[in-house]
> 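Have a look at this one.
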Amino acid sequence: MQTLEFDLSAEEYELLKNTTVQLAGYQHESVVDGPGVRTVVFFQGCDFHCKGCHNEKTHDKSAGKLVTALEIYQEIYESKLASGVTFSGGEPFLQEQALYVLAKICKNKGRHITIYTGHEVDELLAVNEDRKKLRQEILLYTDLVITGRFVQELKTVEKPFVGSSNQELYELAINNPWKNI
């Protein structure tokens, strides 16, 4: 059974197997999408459509490939070098149930979790109460959140892990803007 191979409990295995993700693709052993060596999971679908986005192919919600979270988890753990996982897109919070399942299980297995979102701090939890609770749960399993839409006129290589200078990095153990919301 694959649960032993990937150190999953039967409950985690079932949860991953029964959760689907519209996936754009992966980047293995990245060093530019968060601290250390990481596996990047690109979720398909984005409503922001930032001008000059380097992942424009991820905008169409119906494109990409429908896979299980278990397939993604297995792909993440194929890399023996990666100590972290970055969830990017597209916009990962468009598939928040899948993001929750993957972030929770990967964090519980010792991975550093980074999430890129086009949302600003005040927008991320400005949703209905059920979605707000789920997003707060996701943030409990997240180490670093990179917020803000890409702005082509503010493109930068000066600031680590971002495409434009307006985007902000929040190491949640140190600076969590959602802690008391």
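Predicted, not measured: the structure shown is a model, and the values here were computed from it.
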> Does Lys61 form a side-chain contact (heavy atoms from CB on, under 4.5 Å) with Gln22? I'd like the steps, not just the answer.
CA-CA 8 Å; Lys61 293 177 190 174; Gln22 196 67 28; over 6 Å; no
> Report yes or no: is the cationic atom of Arg131 (NZ for Lys, CZ for Arg) closer than 6.0 Å to the six-membered ring centre of Phe93, at no more than 45° off its axis?
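Verdict for Phe93: no cation-pi partner in Arg131.
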> How long is the straight-line distance from OH of Tyr77 back to SG of Cys106, given to the nearest 0.5 Å?
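The distance works out to 4.5 Å.
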> I need the minimum non-hydrogen distance between Ala69 and Leu102, along with the two atoms involved.
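That would be O-CD2, 3.6 Å.
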> Quick check on the hydrophobic clustering: are Tyr141 and Leu15 connected, directly or via other members, by side-chain heavy-atom contacts under 4.5 Å?
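Yes, one cluster joins them.
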> Could you give me the CA-CA distance, side-chain angles and deciding distance for Val145 and Thr114, then say whether side-chain contact (heavy atoms from CB on, under 4.5 Å) is met?
CA-CA 6 Å; Val145 178; Thr114 295; over 6 Å; no
> If you round to the nearest 0.5 Å, how far is OH of Tyr100 from CG of Leu140?
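Leu140 CG to Tyr100 OH: 8.5 Å, rounded to 0.5 Å.
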> Closest approach of Tyr116 and Gly34, non-hydrogen atoms and distance?
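Closest approach of Tyr116 to Gly34, heavy atoms only: OH-N, 4.4 Å.
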> Would you sort out whether His49 and Glu56 count as a side chain to side chain donor-acceptor pair (under 3.5 Å), showing the intermediate values?
CA-CA 7 Å; His49 304 285; Glu56 196 170 314; over 6 Å; no
> Would you say Glu75's side chain and Tyr26's backbone share a donor-acceptor pair under 3.5 angstrom?
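Checking the backbone N and O of Tyr26 against the side chain of Glu75, no donor-acceptor pair under 3.5 Å is found.
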> Given the rule in the side chain to side chain donor-acceptor pair (under 3.5 Å) test, do Thr39 and Glu29 qualify, once you have shown the distances and angles that lead to the verdict?
CA-CA 5 Å; Thr39 299; Glu29 298 171 0; over 6 Å; no
> To check you understand the geometry: which heavy-atom pair defines the closest contact between Val121 and Pro177, and what is its length?
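Nearest pair, atom of Val121 first, then Pro177: CG1-CB, 3.6 Å.
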> Answer yes or no: is there a donor N or O on one side and an acceptor on the other, between the side chain of Thr142 and the main chain of Leu144, under 3.5 Å?
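Not a single qualifying donor-acceptor pair exists.
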> Ion pair present between Lys104 and Glu12, side-chain N to carboxylate O less than 4.0 angstrom?
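Salt bridge: no.
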> Does Tyr13 reach the side chain of Leu70, with side-chain heavy atoms less than 4.5 Å apart?
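Yes, side chains in contact.
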> Side-chain contact test, heavy atoms from C-beta onward, threshold under 4.5 Å: evaluate it for Val101 versus Tyr73 and give yes or no.
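Counting from C-beta outward, Val101 and Tyr73 never come under 4.5 Å.
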> To the nearest 0.5 angstrom, please state how far the CZ atom of Phe42 sits from the OG1 atom of Thr58.
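Between atom CZ of Phe42 and atom OG1 of Thr58 there are 8.5 Å.
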> Around Glu11, counting heavy atoms of other residues, nucleotides and ligands shown, do more than 12 lie under 6.0 Å from its CD?
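Check fails, neighbour count at 12 or below.
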> Can you tell if the side chain of Lys132 reaches within under 4.5 Å of the side chain of Gln136, non-hydrogen atoms only?
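Of all side-chain heavy-atom pairs linking Gln136 with Lys132, at least one is under 4.5 Å.
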> Minimum heavy-atom separation for Lys57 and Ala24, please, with both atom names.
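Distance-wise, the nearest heavy atoms are NZ-O, 4.1 Å.
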> Are Lys159 and Glu168 within salt-bridge range, i.e. N to O under 4.0 Å?
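Here Lys159 pairs with Glu168 in a salt bridge, since their nearest N and O are under 4.0 Å apart.
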> Nearest 0.5 Å, please: how far is CD1 in Ile105 from OG in Ser9?
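Reported value, rounded in 0.5 Å steps: 7.0 Å.
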> Quick one: pull up OG1 in Thr117 and CZ in Phe48 and give me the separation to the nearest 0.5 Å.
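Result: 5.5 Å between the selected atoms.
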> Given Leu16 and Thr68, is the side-chain contact (heavy atoms from CB on, under 4.5 Å) satisfied, shown in steps?
CA-CA 7 Å; Leu16 288 166; Thr68 67; over 6 Å; no
> If you round to the nearest 0.5 Å, how far is CG of Leu172 from CH2 of Trp178?
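If we round to the nearest 0.5 Å, Trp178:CH2 and Leu172:CG are 6.0 Å apart.
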> Of the non-hydrogen atoms in Thr19 and Ala98, which two are nearest, and what is the gap between them?
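That would be CG2-CA, 3.6 Å.
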> Would the distance check show the side chain of Asn175 and the main-chain N or O of Tyr170 forming a donor-acceptor pair, the cut-off being under 3.5 Å?
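Side chain of Asn175 to backbone of Tyr170: no pair is present.
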> Between Arg149 and Glu123, does any NZ, NE, NH1 or NH2 come within less than 4.0 Å of an OD or OE carboxylate oxygen?
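Between Arg149 and Glu123 there is a salt bridge, with a charged N closer than 4.0 Å to a carboxylate O.
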> Is there a path from Phe87 to Leu125 through hydrophobic residues (I, L, V, M, F, W, Y) whose side chains come within less than 4.5 Å of each other?
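Hydrophobic grouping puts Phe87 with Leu125.
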> With a 4.5 Å limit on heavy-atom distance, are the side chains of Leu124 and Leu139 in contact?
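They are in contact (side-chain heavy atoms under 4.5 Å apart), so the answer is yes.
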> Would you check if Thr147 and His119 make a side-chain contact, meaning some heavy-atom pair closer than 4.5 Å?
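No, too far: nothing below the 4.5 Å cut-off.
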> For residues Leu99 and Leu134: do they belong to one hydrophobic cluster (side chain heavy atoms under 4.5 Å, members Ile, Leu, Val, Met, Phe, Trp, Tyr)?
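In one cluster with Leu99: Leu134, yes.
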> Taking all atoms of both residues into account, what is the closest heavy-atom pair of Val32 and Phe161, and its distance?
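Looking at all heavy atoms of both residues, the shortest contact is O-CD2, 3.5 Å.
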> Under a 3.5 Å distance rule, please check whether Gln167 uses its side chain to pair with a backbone N or O of Gly148 as donor and acceptor.
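Side chain of Gln167 to backbone of Gly148: a pair is present.
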> Can any side-chain N or O of Glu91 pair as donor or acceptor with the backbone N or O of Asp47 at less than 3.5 Å?
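Looks like no, no N/O pair under 3.5 Å.
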> So do the side chains of Thr20 and Val67 get within less than 4.5 Å of each other, counting heavy atoms only?
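Heavy-atom side-chain distance check fails, nothing below 4.5 Å.
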> Report yes if some heavy atom in the side chain of Val41 is under 4.5 Å from a heavy atom in the side chain of Thr86; otherwise report no.
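Answer no - side chains too far apart.
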> Could you tell me if His112 and Arg38 have a donor-acceptor pair between their side chains, going purely by distance under 3.5 Å?
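Per modelled atom types, Arg38 and His112 side chains form a pair under 3.5 Å.
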> Would the number of heavy atoms belonging to other residues, nucleotides or ligands and lying under 6.0 Å from CD of Glu171 be above 12?
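Counting neighbours around CD of Glu171, 12 or fewer heavy atoms of other residues, nucleotides or ligands fall under 6.0 Å, so no.
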> Under the side-chain contact (heavy atoms from CB on, under 4.5 Å) rule, what do Arg111 and Ile113 come out as? Steps first, then yes or no, please.
CA-CA 6 Å; Arg111 299 287 190 184; Ile113 305 298; 4.2 Å; yes
> Taking side chain as C-beta onward, heavy atoms only, is Cys50 less than 4.5 Å from Val151?
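Result no, sub-4.5 Å side-chain heavy-atom pair not found.
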